[in-house]
Amino acid sequence: MGRNIIKAGTKIPKHIAIIMDGNGRWAKKRFMPRGYGHKMGMERMIGLLERAFDLGVSYVTVYALSTENLSRPQEELNGLYDLIRTYFDKYMGKICERGVGLRVIGDTSLLPEDVQTILKNSEEKTAKYQDKCVNVALCYGARAEIVRAVNTAVQQGEKVTEEGFSSLLYTAGQPDPDLLIRTGKEIRLSNFLLWQCAYAEMYFSKKMFPEFSDKNLDEAIVWYSSRTRRFGKTDEQL
Ligand code: FPP
């Protein structure tokens with residue numbers, strides 16, 4: 001066990017969003033197939049969720065598959081769907097014990113039907129847990145999410161406020177992410193939570209996702225805790 005760097009005064013973000021990038025490169029470096037990278041990524045994701053909830057984080061949103069990722073080779077997509085088939089039920093028991101809800105965000109109608117059923121069952125089973133939630137972004141794109149919300153607003157025929165608009169997004173009812181973490185060396189948002197991350201602190205790690213350890217998560221949180229969030233105000237106004 002290493003030294004615990006989270007101290008009593010460390011500010012814990014209420015909502016963390018994670019772009020889990022670098023599974024493929026991590027696997028390639030080890031002469032392993034990309035699917036192995038995703039499997040290790042899935043295990044790391046579960047580990048990080050456990051750590052985040054242990055620390056008192058209430059919401060975690062993970063980017064598992066973007067709309068753009070759907071054009072990847074079918075074999076790779078099937079591997080990801082198989083991971084959902086294998087891990088979801090198993091992991092669900094654990095998150096139910098913790099009182100954590102599961103919400104899938106994105107256009108799930110693009111997924112195989114049996115996978116849709118697994119996800120729907122998981123959502124239903126955990127719907128009673130409102131205060132803590134894992135959002136899994138699957139077939140997700142932020143622009144598509146925003147356009148979908150605009151169309152709903154147009155249908156409703158009334159002008160919207162910022163709060164009203166937020167309530168038309170997949171993340172309705174949840175606080176916006178305070179901290180966004182991206183692994184895998186790239187410094188971009190890749191169409192993830194564009195509306196919700198307006199004021200998120202952004203942490204970019206050079207680690208590939210399967211090697212992003214619990215300690216690395218703690219380091220990101222300690223960094224977050226040191227940030228002064230001004231939300232457009234001056235230091236004196238805070
Ligand atoms: C992007 O990195 C990662 C993905 C497209 C998949 C992320 C999936 C997991 C972490 C596993 C959890 C899965 C589910 C379905 C909940 P990349 O593999 O494209 O990396 P690269 O840029 O190195 O090729």
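First listed ligand is number 1; within each ligand, the first listed atom is number 1. Just so it is clear, the model here is predicted, and its values are computed rather than measured. Position 1 is the first residue of the sequence; numbering continues from there.
- Protein heavy atom closest to atom 13 (C) of ligand 1, with residue, atom name and distance, is Met42 CE, 4.0 Å.
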Worksheet item: For Gln174 and Asn135, what are the C-alpha separation, side-chain angles and deciding distance, and is it a side chain to side chain contact (heavy atoms under 4.5 Å, CB included)?
Response: CA-CA 10 Å; Gln174 301 181 354; Asn135 299 317; 2.7 Å; yes
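- Hydrophobic clustering places Ile16 together with Val100 (ILVMFWY residues linked when any side-chain heavy atoms are closer than 4.5 Å, directly or through intermediates).
- Here the shortest heavy-atom distance to atom 21 (P) of ligand 1, taken over Glu76, Met20, Lys39, Arg25, belongs to Arg25.
- An N or O contact shorter than 3.5 Å links Asp21 to ligand 1 by distance.
- Placement of Leu217 and Leu180 in two distinct hydrophobic clusters is found when ILVMFWY residues are connected by side-chain heavy-atom separations under 4.5 Å, directly or transitively.
- Numbered from 1 in the order shown, with element, the atoms of ligand 1 that lie under 4.0 Å from a heavy atom of Arg34 read 17 (P), 18 (O), 19 (O), 24 (O).
- Taking only nitrogen or oxygen atoms, main chain and side chain alike, Leu83 does not reach within less than 3.5 Å of ligand 1.
- For the pair Asp54 and Arg98, the salt-bridge criterion is met [side-chain N within less than 4.0 Å of a carboxylate O].
- Taking a cut-off of under 4.0 Å to the non-hydrogen atoms of His38, the atoms of ligand 1 that pass are 4 (C), 6 (C), 11 (C), 18 (O).
- Listed by number with element, the atoms of ligand 1 under 4.0 angstrom from any heavy atom of Ile84 are 15 (C).
- Contact between Gly184 and ligand 1 is absent, with no heavy atom of the residue lying under 4.0 Å from the ligand.
- In this view, Phe53 satisfies the ring pair (Phe, Tyr, Trp, His ring centres under 6.0 Å) rule with no residue, not counting sequence neighbours.
- The nearest protein atom to atom 5 (C) of ligand 1, hydrogens excluded, is given as Asn69 OD1, 3.5 Å; this is a heavy-atom distance.
- Only the side chain of Arg72 comes within contact range of ligand 1, with a heavy atom under 4.0 Å; no backbone atom does.
- Aromatic ring pairs are classed by plane angle as parallel below 30°, tilted from 30° to 60° and perpendicular above 60°; the pair His15 and Tyr59 is tilted.
- Taking atom 10 (C) of ligand 1 as the reference point, the nearest protein heavy-atom neighbour is Asn23 ND2, 3.3 Å.
- Considering backbone and side-chain atoms alike, Ala64 places every N or O at 3.5 Å or more from each N or O of ligand 1.
- To the nearest 0.5 Å, the span separating OH on Tyr170 from CZ on Arg148 amounts to 4.0 Å.
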Output a table of donor-acceptor pairs, distance under 3.5 Å, between side-chain atoms of residues 32-39 and any protein atom two or more places apart or on a different chain; print 'none' if there are none.
from: Arg34; atom 1: NE; to: Glu76; atom 2: OE1; distance (Å): 2.8
from: Arg34; atom 1: NE; to: Glu76; atom 2: OE2; distance (Å): 3.2
from: Arg34; atom 1: NH2; to: Glu76; atom 2: OE2; distance (Å): 3.3
from: His38; atom 1: ND1; to: Asn23; atom 2: ND2; distance (Å): 3.1
from: His38; atom 1: NE2; to: Glu76; atom 2: OE2; distance (Å): 2.7

